[in-house]
Enquirer: 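First, the structure itself, so that you have it in front of you.
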2 protein chains.
Amino acid sequence: MSKKISPRGAAVLDLVVEAYIVSGQPVGSTSVATGFDEPISSATIRHVMAELEALGYLFQPHTSAGRVPTEKGYRRYVERLFRQRRLRRIDEHSIRRRLSTAQLEVGDLLHRACSLLSELSNHVGVVLTPRPSRTIVQHIEFLRTGVDRALLLFVTQGGMVHTRTIKVSEELTDSDLAAAAEYLADRFAGHTLGEIRDRLLDGWEVEAAIENRPQRTAIELGVRWLEGLGQAEVLVEGASRLLDNPELSSAEVLQDLFATFDEPTQLGNVLTECGGGNDPSVLIGGERLPAALGGCTLIAASYMSDGRPMGALGVLGPTRMHYDLTIPLVAATARVTSEAIAELCS
Amino acid sequence: MSKKISPRGAAVLDLVVEAYIVSGQPVGSTSVATGFDEPISSATIRHVMAELEALGYLFQPHTSAGRVPTEKGYRRYVERLFRQRRLRRIDEHSIRRRLSTAQLEVGDLLHRACSLLSELSNHVGVVLTPRPSRTIVQHIEFLRTGVDRALLLFVTQGGMVHTRTIKVSEELTDSDLAAAAEYLADRFAGHTLGEIRDRLLDGWEVEAAIENRPQRTAIELGVRWLEGLGQAEVLVEGASRLLDNPELSSAEVLQDLFATFDEPTQLGNVLTECGGGNDPSVLIGGERLPAALGGCTLIAASYMSDGRPMGALGVLGPTRMHYDLTIPLVAATARVTSEAIAELCS
DNA sequence: ATTAGCACTCGCCGGCGACGAGTGCTAGTC
DNA sequence: GACTAGCACTCGTCGCCGGCGAGTGCTAAT
């Protein structure tokens, strides 16, 4: 689809994007011309820029204004950043120092990572907590908290705690509950919640037939517990930093933006799909993001445990951001977080 | 200090405030005049308004504009609202219906209350969770989560769970931990964390002398656990609704505002001081709120358990809000929340 | 293919005048 | 003495106009 672009065209695009990122103003042909090593006239640049506009990489707010990158232009720019390894070096040590010191729980770690991302990028930090179905259960506990209520509690690797209160028959004694928890713990400790769910649901009918009351209770409670399994959470930090960006100050845009933070399931969905690859995903503009995040870019990577993605973290900011800094920042934070989690689960 | 205000002066103030609340525009003398039952001329009103301005209740953006209430004016207005019982009736049933249905945990309940406040008021809902030192402990559990780490976990009335991971000696066995937890549970279940702290710290030296290893361990762990006792949390919902208000759209103001939500300790402090009385506290403007919340009003009330305040909840919005609706809304929500908590802890 | 030159476009900014909402004051009335 | 009609005055808003300047597109020359 995208017609070929001359090598010089690509260079011009880079210069326009970079100039626009720092200035926020439409970029004119002369300022681009001075950015070249070889001397070149602004007229030539104008010619190239006209082509780039025809191809959809640049956009002119009005005749007689400079050019601004389109989303397509940003994407191409970022692509080149990756291909040419023009990303900045990030000091991974400083991140490691600020993340790993005395963090004792995965939850704390992720909160720290989130504010770190926000602070270092000057944009919004976002973290998707581990999907419950992928977490490994260490302890299972059933506690009575009222005549007809019990708290089902499980602790996963790294010290994360998930709980759910359900109604239970009043006839169940405390020791029934304890026995049920022990039964489940014996069978399932060390497995992920996904595995437990599969095995419980598969084996359900067979096991239900067993006339062993504590076991039946255990399984029944376990199933109810899994039914209410929480979704992965989304942490958001530094939302106020979005207001630094003059290009995002129209009232309606902001309204939509902050509404997205109030109800972060959308963000969660997007983050869930990020990750996979080695490099961070860079989602630019409305094409792959919810409409409310129109003028924004999400840079996200997943953090791993034993080589499998557990969750994702990243930075959300205006399309006009320092990609060459933020991309490696996200990548480094994801790596360090993965390491730290591995250590916590040791 | 505040000189006497004529009865008609007070009536004019009411009318100005109410008109400004609905229109957001400076209020002129003629529109006030038509709001009176008896016919009265705008010239007279102008006279009265000039007096009110001299007393600091009204403010004129510029000569030849209408009047806008000052913070002092709002305060006087709200005072009258209370004294004259001119608050609207709130349908407590509908709140009860939306809060108490199938809420099984205090945490969920408070989250629901928070979004309910935001939704019904169209402003920001805020909730201060129960102060840990006032909560009653039901269960205590110590779980090993790594070679040198243990998760200290306690469940309080109503199904709230608090955890903390600490480093422990590798020599402690699982049964040591279990014994320690049991020891603490035996002695302290049913007491508030504040009581436990006091008793542990008082009795510390005496008990440490005992050559009973499990007990020493238990007490040591308990102390470390209480040291890291979390602060009460602040829940915030519907921050984006602040953007509906045109008077709060200056970039800097918004920046400060949202920064306050990102770092809610300030809000927590303010909320902690609210409550006490029967009626909600109404904090108008910068005088009693952090500077960042300049043009805002916080209406807050505390929710109770056994007649003692546990935490607080309320609504944060622009000074220009419908006090006559929001105050009873907050009061009703606090009442219903107190009831629901009582039920959950039964 | 590149470039110098040039006419042209168009947003920005400051000044200007008309408009109108709302005021403060004064003089007259009950 | 309290109230009010009338009136001059203030001042923000809006639309208009013209000059400025950044930046463009085109053309003709190299």
Side-chain angles (χ1 to χ4, degrees), chain A residues 4-13 15-20 22-70 73 246-247 249-250, chain B residues 4-13 15-20 22-70 73 246-247 249-250:
Chain A
K4 244 187 303 217
I5 213 174
S6 70
R8 198 167 54 194
V12 169
L13 181 54
L15 284 170
V16 172
V17 172
E18 277 159 14
Y20 184 70
V22 317
S23 76
Q25 300 298 322
V27 182
S29 54
T30 51
S31 75
V32 171
T34 57
F36 266 84
D37 290 340
E38 327 91 64
I40 192 168
S41 87
S42 63
T44 312
I45 301 293
R46 281 202 286 283
H47 200 67
V48 178
M49 279 162 73
E51 275 176 19
L52 288 173
E53 181 166 16
L55 294 175
Y57 294 110
L58 294 180
F59 160 78
Q60 214 174 5
H62 55 268
T63 339
S64 94
R67 298 318 207 282
V68 164
T70 61
E247 67 258 45
S249 346
S250 114
Chain B
K4 245 187 302 211
I5 214 175
S6 69
R8 196 166 55 195
V12 169
L13 180 54
L15 284 169
V16 172
V17 172
E18 277 160 14
Y20 183 69
V22 317
S23 77
Q25 300 298 323
V27 183
S29 55
T30 50
S31 76
V32 172
T34 56
F36 265 84
D37 290 340
E38 327 90 64
I40 192 168
S41 86
S42 63
T44 313
I45 301 292
R46 280 202 287 283
H47 200 66
V48 178
M49 279 162 71
E51 275 175 19
L52 287 173
E53 181 166 15
L55 294 176
Y57 295 110
L58 293 181
F59 160 77
Q60 213 173 4
H62 55 268
T63 340
S64 93
R67 296 320 205 284
V68 164
T70 62
E247 66 258 44
S249 332
S250 114

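By convention in this document, chain letters (A, B, ...) are assigned in the order of the sequence lines, proteins followed by strands, and residues within each chain are numbered from 1. We use all heavy atoms of the structure for the numbers below, so side chains are in, but hydrogens, waters and symmetry mates are not.
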Enquirer: Determine the minimum heavy-atom distance between A:Ser42 and A:Thr30, stating which atoms define it.
Expert: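 Minimum heavy-atom contact is CB-CG2, 3.7 Å.
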Enquirer: Of the non-hydrogen atoms in B:Leu13 and B:Gly73, which two are nearest, and what is the gap between them?
Expert: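 Nearest heavy atoms, B:Leu13 then B:Gly73: CD2-O, 4.1 Å.
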Enquirer: Could you give the OH-to-C1' distance, from B:Tyr20 to C:dG22, as a whole number of Å?
Expert: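 After rounding, the reported distance stands at 16 Å.
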Enquirer: Among the nucleotides D:dA5, C:dT3, D:dC3, which one has an atom lying closest to any side-chain atom of B:Arg8?
Expert: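 For B:Arg8, the side-chain atoms sit closest to D:dC3.
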Enquirer: Let me know the distance between CG of B:Leu58 and C1' of C:dG24, rounded to the nearest Å.
Expert: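 From B:Leu58 CG to C:dG24 C1': 16 Å.
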Enquirer: In whole angstrom, what separates A:Met49's CE from D:dC26's P?
Expert: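 Rounding to the nearest Å, CE of A:Met49 and P of D:dC26 are 14 Å apart.
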Enquirer: Let me know the distance between CD1 of B:Ile45 and P of D:dT4, rounded to the nearest Å.
Expert: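 Going from CD1 in B:Ile45 over to P in D:dT4 covers 9 Å.
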Enquirer: Between A:Met49 and A:Val12, what is the shortest heavy-atom contact and its length?
Expert: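 Heavy atoms of A:Met49 and A:Val12 come nearest at CG-CG1, 3.9 Å.
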Enquirer: Rounded to the Å, how far apart are B:Glu53 CD and C:dG24 P?
Expert: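 About 7 Å, once rounded to whole Å.
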Enquirer: May I have the distance from B:His47 (atom NE2) to D:dG1 (atom P), rounded to whole angstrom?
Expert: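 Atom-to-atom, B:His47 to D:dG1, this comes out as 13 Å.
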Enquirer: Where the side chain of A:Ser41 is concerned, which of C:dT3, C:dG22, C:dT23 is the nearest nucleotide?
Expert: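 For A:Ser41, the side-chain atoms sit closest to C:dT3.
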Enquirer: If every non-hydrogen atom of B:Ala33 is compared with every non-hydrogen atom of B:Ser41, which pair is closest and at what distance?
Expert: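 So the minimum-distance heavy-atom pair works out to CB-C, 4.3 Å.
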Enquirer: Are OP1 or OP2 of D:dA22 and a side-chain N or O of A:Ser64 less than 4.0 angstrom apart?
Expert: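 So the side chain of A:Ser64 is outside the cut-off, no N or O lying under 4.0 Å from OP1 or OP2 of D:dA22.
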Enquirer: Determine the contact category for B:Ser29: base if any of its heavy atoms lies under 4.0 Å from a base atom, sugar-phosphate if only primed atoms, P, OP1 or OP2 are that close, otherwise nothing.
Expert: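 It contacts sugar-phosphate atoms only.
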Enquirer: Within the structure provided, determine whether B:Tyr57 and B:Val16 are in side-chain contact (heavy-atom separation under 4.5 Å).
Expert: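 A side-chain contact under 4.5 Å is absent here.
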Enquirer: Please state whether the phosphate of C:dT23, meaning OP1 or OP2, lies under 4.0 angstrom from any side-chain nitrogen or oxygen of B:Thr63.
Expert: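 Answer no for this pair, as no side-chain N or O of B:Thr63 is under 4.0 Å from OP1 or OP2.
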Enquirer: Write down the distance between NE2 (B:His62) and P (C:dG24), rounded to a whole number of angstrom.
Expert: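 After rounding, the reported distance stands at 12 Å.
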Enquirer: Assuming nearest nucleotide by heavy-atom distance, tell me which of A:Arg67 and B:Ser42 is located more 5' along DNA chain D.
Expert: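 So the residue in question is B:Ser42.
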Enquirer: Could you tell me how far apart A:Arg46 (CZ) and D:dT27 (P) are, to the nearest whole angstrom?
Expert: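 Value for this atom pair: 14 Å.
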Enquirer: Using a heavy-atom cut-off of 4.0 Å across all strands, would you classify B:Thr44 as base, sugar-phosphate, or nothing?
Expert: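 Result for B:Thr44 = base.
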